[in-house]
Structure formats: C-alpha cells, structure tokens
Amino acid sequence: MISIIASDMDGTLLNEKMEVSEENAAAIKQAQNEGVHFVVATGRQLSEAKPLIEKFGIQAPMITLNGAAVYDVDGKALDMVPLHRAAVTQIMRELNLAHLYYEIVTIDGVVSNSRSMHIQNLADLLSNTNPDTPFKLAVTLASARVELMDISYVDDYQELIDDKNVRILKIIAFSNDGQKKLQPVADKINKKVEVAITSSSQSNIEINNVRAQKGIALQHFADGLNIPMSQVMAIGDNLNDASMLKIADTSYAMENAYTEIKKIANHLTVSNNENGVGKAILEQLKTNRQ
C-alpha cells in the first residue's frame with residue numbers, strides 16, 4: 001500500500017522541455033484523488049520549483065534545496081536547515097583555492113557573482129540532465145529560467161558571511177571538467193567540515209548541512225502524517241536522490257538515471273521523456289487497488 005509518493009524534478013518529473021507532461025500530471029492528480037500524498041523533492045528553490053508544477057494544475061508540498069527547506073502545499077515553511085556559518089567559510093575557502101565558480105543559495109534566493117557564468121552552468125545542467133537537448137536550446141531555456149528565479153548578484157560573497165541575518169541553505173559548485181575536478185574538492189571539504197555533498201549532474205556538487213538531505217526530509221514528512229516508510233514511494237534519477245530512494249520501501253529509478261541510482265532503487269521505470277513518473281505512479285496505484 002502506497003500512501004506517499006515523492007518525486008524529484010529535473011531528469012525525473014520534468015521532461016527535456018522542463019515541463020510536466022500531461023500524462024505525468026494526470027497520474028499525480030489521480031493519485032491525489034485516491035488519497036495518496038504527493039510531494040516534490042528537488043534541489044531547486046521554492047520560487048523556481050513551485051510555478052513549474054502549478055502551471056500544470058498540481059498542488060503539492062515541497063522538499064526543496066535537497067531537504068534544506070520544506071514547505072506545505074500553501075508555500076508555508078515547515079523546516080529550515082541552514083549551513084553553519086563556520087562551515088560556509090571553510091567551504092568557500094576550498095572552492096576558492098580550487099578556482100571553482102560557485103553560487104550560494106539563501107532563504108531569499110540564489111546569489112551569484114557572475115550572470116554569464118550562472119547562465120552557462122545552468123545550461124550545462126539542463127543539457128547534462130537531458131542529453132537529447134541541444135546546447136543552444138539549453139542556453140535559451142537557462143536564460144528564460146533565470147527570469148523566474150530569485151537571483152541576485154554580488155561582487156564578493158563575504159558580505160553574505162558578514163550579514164548575520166542571512167541564512168545560507170546550499171552552496172553549489174560547477175566545473176566543465178566534471179567530477180574528476182569536483183570530487184577531490186568535495187573530499188577536502190568533507191575532511192574539514194561535516195556536510196552532505198551530492199550532485200544533480202556530472203558538472204556540479206551541491207553542499208548542504210548534513211541534516212539537509214531528501215531522505216531525512218521525506219522521513220520527517222512521513223512521520224508528520226503518521227505514515228510508515230513501508231508506505232512511501234520515491235522516484236529519482238541522480239545522486240542527490242539517493243538518500244530518499246534508500247529510505248523509501250518502494251523506490252523507482254528513471255531509465256535515464258545514473259547507474260548508482262539504478263542499483264539503489266528496487267524498481268525501474270522509463271525515461272523522463274517517456275512519462276516515467278506517471279507510469280510508475282499508475283503501476284503502484286493498480287497495486288493499491290488489489
């Protein structure tokens with residue numbers, strides 16, 4: 001019996017056009033009509049994730065920024081897990097030493113020190129998440145997405161550290177050289193501070209408070225509804241989905257998922273461009289009725 005369905009967005013719920021297909025939306029609404037709770041679990045922030053599902057008539061609670069911020073269906077904050085300020089200083093030091101471009105996500109949105117680098121890396125992410133998407137189209141989509149985001153630009157990230165009112169929820173670093181460049185830096189950071197480091201593509205690492213993970217947030221969400229994890233289903237495609245796929249009794253990997261994610265999941269569905277989320281949901285709803 002499935003009572004909660006949690007789905008990632010990029011590479012999972014969203015297709016290559018960064019949209020929720022009619023089939024996926026219909027399956028989600030059918031699940032909700034049958035009393036199943038649907039929750040989005042994404043690395044995105046609320047302001048860029050919520051409009052993408054509401055556009056297709058879906059209302060749902062949201063686990064955002066890999067679990068650093070959780071919201072109810074009305075967008076009210078239920079939980080916030082920021083990075084400790086001392087940890088941020090250590091993280092920034094290692095990223096600066098490695099000459100990596102990175103962005104800082106606060107409660108108020110994304111902060112960047114370069115608009116051009118922001119668009120370029122967003123395009124890389126879209127292209128990597130959807131390999132069939134031409135890079136020029138990815139750049140166009142990235143530029144349009146920037147307009148939807150709460151993003152601001154600063155000359156020096158230190159001003160965020162100095163402002164005691166700023167809560168930093170995630171740091172995301174990028175490299176066109178991929179994990180061969182990023183992983184050594186991640187290893188150095190892990191030796192200095194206790195954090196959760198995942199990725200949503202081969203070209204980035206995402207750094208959160210060690211308690212800010214999709215799996216932990218999903219566990220708390222289920223606990224709040226008094227629903228055991230034996231009745232929870234999770235769907236994902238990338239490394240930042242691993243924690244929730246491990247903790248949910250029923251887990252689906254997309255056909256386009258990383259090999260590591262396919263090994264973790266106990267079910268496999270078709271790709272994000274073939275309505276994989278919708279097919280997985282309908283499969284479990286059928287089981288629920290038996």
Are [X] and [Y] connected in the hydrophobic side-chain network, where two residues link if heavy atoms are under 4.5 Å apart?
X    : Y    : value
I107 : V81  : no
V40  : I4   : no
L268 : L282 : no
M62  : V277 : yes
L14  : F56  : yes

Where is the tightest heavy-atom contact between [X] and [Y], given as atom of each residue plus distance?
X    : Y    : value
A217 : V70  : CB-CG2, 4.0 Å
T250 : Y252 : CG2-CE1, 3.9 Å
A69  : M80  : CB-SD, 3.6 Å
A6   : L218 : CB-CD1, 3.8 Å
I247 : G215 : CD1-O, 3.7 Å
A27  : L285 : O-CD1, 4.4 Å

Could you tell me whether a side-chain N or O of [X] sits under 3.5 Å from a main-chain N or O of [Y], the two making a donor and an acceptor?
X    : Y    : result
E94  : N190 : no
D155 : N113 : no
N275 : G278 : no
K279 : T269 : no
N33  : K29  : yes
K50  : V73  : yes
N272 : T12  : no
Y157 : Y102 : yes
N273 : E16  : yes
N204 : S199 : no

How many angstroms lie between [atom1] in [X] and [atom2] in [Y], if you round to the nearest 0.5 Å?
X    : Y    : atom1 : atom2 : answer
L239 : Q202 : CG    : CD    : 7.5 Å
I207 : M92  : CD1   : CE    : 11.0 Å
I235 : L13  : CD1   : CG    : 8.0 Å
I168 : I91  : CD1   : CD1   : 9.0 Å
Q32  : I5   : CD    : CD1   : 9.0 Å
M254 : S7   : CE    : OG    : 7.5 Å

Determine, for K55 against E19, whether the closest basic-nitrogen to carboxylate-oxygen distance falls under 4.0 angstrom. yes

Charged N to carboxylate O under 4.0 angstrom, E103 versus K170? no

Would you call [X] and [Y] a side-chain contact if the rule is heavy atoms closer than 4.5 Å?
X    : Y    : value
V166 : T106 : yes
K263 : T259 : yes
Q158 : I161 : yes
I63  : T42  : no
R44  : L65  : no
L83  : L169 : no
I171 : V105 : no
V195 : I189 : yes

Other residues, nucleotides and ligands only: do more than 12 of their heavy atoms fall within 6.0 Å of CZ on R85? yes

Flag if over 12 foreign heavy atoms under 6.0 Å of CD, Q30: yes

When you check the side-chain N and O atoms of [X] and [Y], is any donor under 3.5 Å from an acceptor?
X    : Y    : answer
Q231 : S3   : yes
T287 : Q284 : no
S112 : S114 : no

Any idea how H37 and F221 line up, ring-wise: parallel (<30°), tilted (30 to 60°), or perpendicular (>60°)? perpendicular

Which is it for H267 and E283 under the side-chain contact (heavy atoms from CB on, under 4.5 Å) test, yes or no, and what are the steps along the way? CA-CA 11 Å; H267 292 77; E283 186 173 283; 4.1 Å; yes

Let me see the working for L100 and L182 under side-chain contact (heavy atoms from CB on, under 4.5 Å), right down to the final yes or no. CA-CA 9 Å; L100 290 175; L182 294 166; 3.8 Å; yes

Yes or no on side-chain contact (heavy atoms from CB on, under 4.5 Å) for S200 and E206, after CA distance, side-chain angles and deciding distance? CA-CA 7 Å; S200 56; E206 302 186 358; 2.6 Å; yes

Qualifying residues under side-chain hydrogen bond (donor to acceptor under 3.5 Å, both in side chains), relative to N240, sequence neighbours excluded: N66

Checking side chain to side chain donor-acceptor pair (under 3.5 Å) between K214 and each of T64, D241, T198, which is the one that passes? D241

Walk me through it: do D237 and D8 pass the test side-chain contact (heavy atoms from CB on, under 4.5 Å)? CA-CA 8 Å; D237 75 305; D8 171 52; 2.8 Å; yes

